[in-house]
Amino acid sequence: CDILLKVKNVLLFSFNSLLTKSKISTSRSLDSTIPRSSFCKTIKVDTSAFGLFNLSIVIIPNCLFKIQLTKIRNKTKITIFAGLKNQNMRRKFILVSLLLVVVTTFCHSQNLIKKRNGRDSYVNKIMSEMTLRQMVGQLIMIGSDSDTSPKYVKKIMEEIDSNQVGGVCFFKGESQKLKTLVDKYNSICKVPLMVSIDGEWGVAMRLTDASPLPRAMTLGALSEENYHLVYDLGQIVAKQCKSLGIHVNFAPDIDINLTAATPVINTRSFGQDKHKVALLGEQYAKGMQDAGIMAVIKHFPGHGDTDVDSHK
């Protein structure tokens, strides 16, 4: 990989050299000048499996190139327009661009493999030192309010310690108290707890001092061209969770609102159209997960066709 990094630097130098000999612009306004011709050829390199970026080279008549790099994570697009009249220069330009993407992606994938192997080694070491009871405990998650009263904290810590549980799900309380309890609970754990919350419209669903975000029924009123806003909302919720040390959010709710009188789902559902519910649920989950928070779709096998509160 070190050798390939050197190759990448050489390719970058070659790429920059070619750009200096070309008429380059990153202005979006140039996009309108590209002729809409059926003779346009497109070369695409898909590296999404490595979570890096996709490359698209569009070869357009009149010696114009449009090169676009799209980052997988945040959908950022980098567009370069190049005018190359010399045929040999055009070939070099395409070759260097493709090689640059392939080498960069390979190096990135090698780093991911190293990180994964390091994680696997850590997990295997910890598990080899565990008893069967401790392993079973890692599959259990207990509930806790963000209540810092000594009596309550002692009770929850005793449950964590005696059962050696793997996670905790927080319910009602306040943000700062939750953060305090995460540290306190982890202080008695050999393996760090998986911290979760049930926050469908953000952590405000559980924490009284947080600002509430729109509920699913409100999002269900969006027109299809604005579904990306639900992805953005997922990203915001993920930031809220990460700021509190939360790893998992039990959202989105993808129940279909089949009964108007339901006392338990209601505004928690994106609506009664199953296709819309599926699309919006996907956007919400992807937004969170792209920002590093695990999403959980619920409820299985379905909870939208009920006129009673099943929690009671």
Side-chain angles (χ1 to χ4, degrees), residues 136-189 191-219 233-255 262-270 281 284-285 287-289 291-300 302-304 306 308-312:
V136 172
Q138 288 300 301
L139 302 176
I140 298 172
M141 181 176 283
I142 66 169
S144 172
D145 290 337
S146 298
D147 182 348
T148 53
S149 62
K151 184 178 179 180
Y152 184 82
V153 173
K154 182 183 178 183
K155 172 180 171 291
I156 298 296
M157 289 184 76
E158 284 176 353
E159 288 184 16
I160 292 172
D161 189 43
S162 62
N163 296 301
Q164 300 187 51
V165 300
V168 59
C169 182
F170 282 96
F171 292 94
K172 61 184 180 180
E174 298 175 2
S175 302
Q176 192 54 52
K177 289 181 178 180
L178 187 152
K179 292 172 73 174
T180 299
L181 289 174
V182 168
D183 292 338
K184 206 169 190 65
Y185 294 163
N186 270 320
S187 69
I188 60 170
C189 297
V191 180
L193 292 165
M194 178 179 281
V195 182
S196 65
I197 197 167
D198 192 16
E200 295 166 22
W201 49 91
V203 297
M205 182 174 175
R206 300 299 175 187
L207 305 179
T208 57
D209 59 335
S211 299
L213 297 171
R215 297 198 182 196
M217 185 176 283
T218 303
L219 301 174
L233 182 74
Q235 296 250 302
I236 293 170
V237 174
K239 288 179 181 177
Q240 289 182 335
C241 292
K242 291 179 88 169
S243 70
L244 297 170
I246 294 169
H247 311 116
V248 184
N249 184 19
F250 289 106
D253 184 327
I254 59 166
D255 289 308
T262 175
V264 67
I265 298 301
N266 207 300
T267 58
R268 298 168 63 192
S269 170
F270 291 111
Y284 191 109
M288 283 197 297
Q289 298 204 153
I293 295 297
M294 296 171 72
V296 178
I297 59 173
K298 60 185 185 184
H299 299 87
F300 180 83
H303 199 16
T306 179
V308 295
D309 187 346
S310 57
H311 296 90
K312 297 178 180 178

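All values below were derived from every heavy atom in this structure, side-chain atoms included, with hydrogens, water molecules and symmetry-related copies excluded. Everything numeric here is computed off the predicted structure, so don't read it as measured data.
Separating the CE atom in Met294 from the CD1 atom in Ile246 is a distance of 14.0 Å, to the nearest 0.5 Å. Note that the NZ atom of Lys184 and the OG atom of Ser144 stand 12.5 Å from one another [nearest 0.5 Å]. Interatomic distance, Leu244 CG to Leu178 CG, rounded to the nearest 0.5 Å: 5.5 Å. Residue Leu181 holds its CG atom at 11.5 Å from CG of Leu193, rounded to the nearest 0.5 Å. The CG atom of Asp161 lies 12.5 Å from the NZ atom of Lys154; values are rounded to the nearest 0.5 Å.
Enclosure of atom CD1 in Ile142 by more than 12 non-hydrogen atoms of other residues, nucleotides or ligands within 6.0 angstrom is indicated. The 12-atom threshold is exceeded at CE of Met217, counting heavy atoms of other residues, nucleotides or ligands nearer than 6.0 Å. With a 6.0 Å radius and a threshold of 12 heavy atoms from other residues, nucleotides or ligands, Met157 has its CE atom above the threshold.
Comment: Arg215 does not engage Asp253 in a salt bridge, judged by the lack of any side-chain N to carboxylate O separation of less than 4.0 angstrom. Ionic pairing of Asp198 and Arg206 is present here: one or more N-O contacts between side-chain nitrogen and carboxylate oxygen are shorter than 4.0 angstrom. A salt bridge links Lys298 with Glu200: at least one charged nitrogen is closer than 4.0 Å to a carboxylate oxygen.
At least one side-chain heavy atom of Leu233 sits less than 4.5 Å from a side-chain heavy atom of Leu213. Using a 4.5 Å heavy-atom cutoff, the side chains of Asp145 and Phe170 are not in contact. Side chains of Val237 and Met288 form a contact here, defined as non-hydrogen atoms less than 4.5 Å apart. Counting heavy atoms from C-beta on, the side chains of Phe171 and Ser146 never come closer than 4.5 Å. The closest side-chain heavy-atom distance from Asp147 to Lys177 is not below 4.5 Å. Residues Arg268 and His299 have side chains in contact (heavy-atom distance under 4.5 Å, counting atoms from C-beta outward).
Residues Val165 and Glu159 come closest through the heavy atom pair CG1-O, 4.4 Å. Of all heavy-atom pairs between Cys241 and Asn249, the closest is SG-CB, 4.2 Å. Residues His303 and Ile265 share a closest heavy-atom pair of O-CG1, 3.0 Å. Of all non-hydrogen atoms in Ser269 and Asp255, the two that sit nearest each other are OG-O, 2.8 Å. Here the closest heavy-atom approach between residue Tyr284 and residue Ala251 is recorded as CE2-CB, 4.0 Å. Shown here for Gln176 and Asp209, the closest heavy-atom pair between the two residues is N-OD2, 4.5 Å.
The backbone N or O of Gly137 lies less than 3.5 Å from no partner atom in the side chain of Gln164, so there is not a single donor-acceptor pair. The backbone N or O of Val195 sits less than 3.5 Å from a side-chain atom of His247, completing a donor-acceptor pair. Judged by distance alone, with hydrogens and angles left aside, the side-chain atoms of Tyr185 form no donor-acceptor pair with the main-chain N or O of Val168 at under 3.5 Å. Although no hydrogens or angles enter the test, the distance criterion places a donor-acceptor pair under 3.5 Å between the side chain of Ser162 and the main chain of Glu158. A donor-acceptor pair is defined here as one N or O able to donate and one able to accept, closer than 3.5 Å; such a pair exists between the side chain of Lys242 and the backbone of Ala291.
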How far apart are the C-alpha atoms of Gln240 and Val203, what are their side-chain angles, what is the distance that settles it, and do they pass the side chain to side chain contact (heavy atoms under 4.5 Å, CB included) test? CA-CA 7 Å; Gln240 289 182 335; Val203 297; 3.7 Å; yes

Evaluate the side chain to side chain contact (heavy atoms under 4.5 Å, CB included) criterion for residues Cys169 and Phe250: first the C-alpha distance (whole Å), next the side-chain angles of each, then the deciding distance (0.1 Å), finally the verdict. CA-CA 9 Å; Cys169 182; Phe250 289 106; 3.9 Å; yes

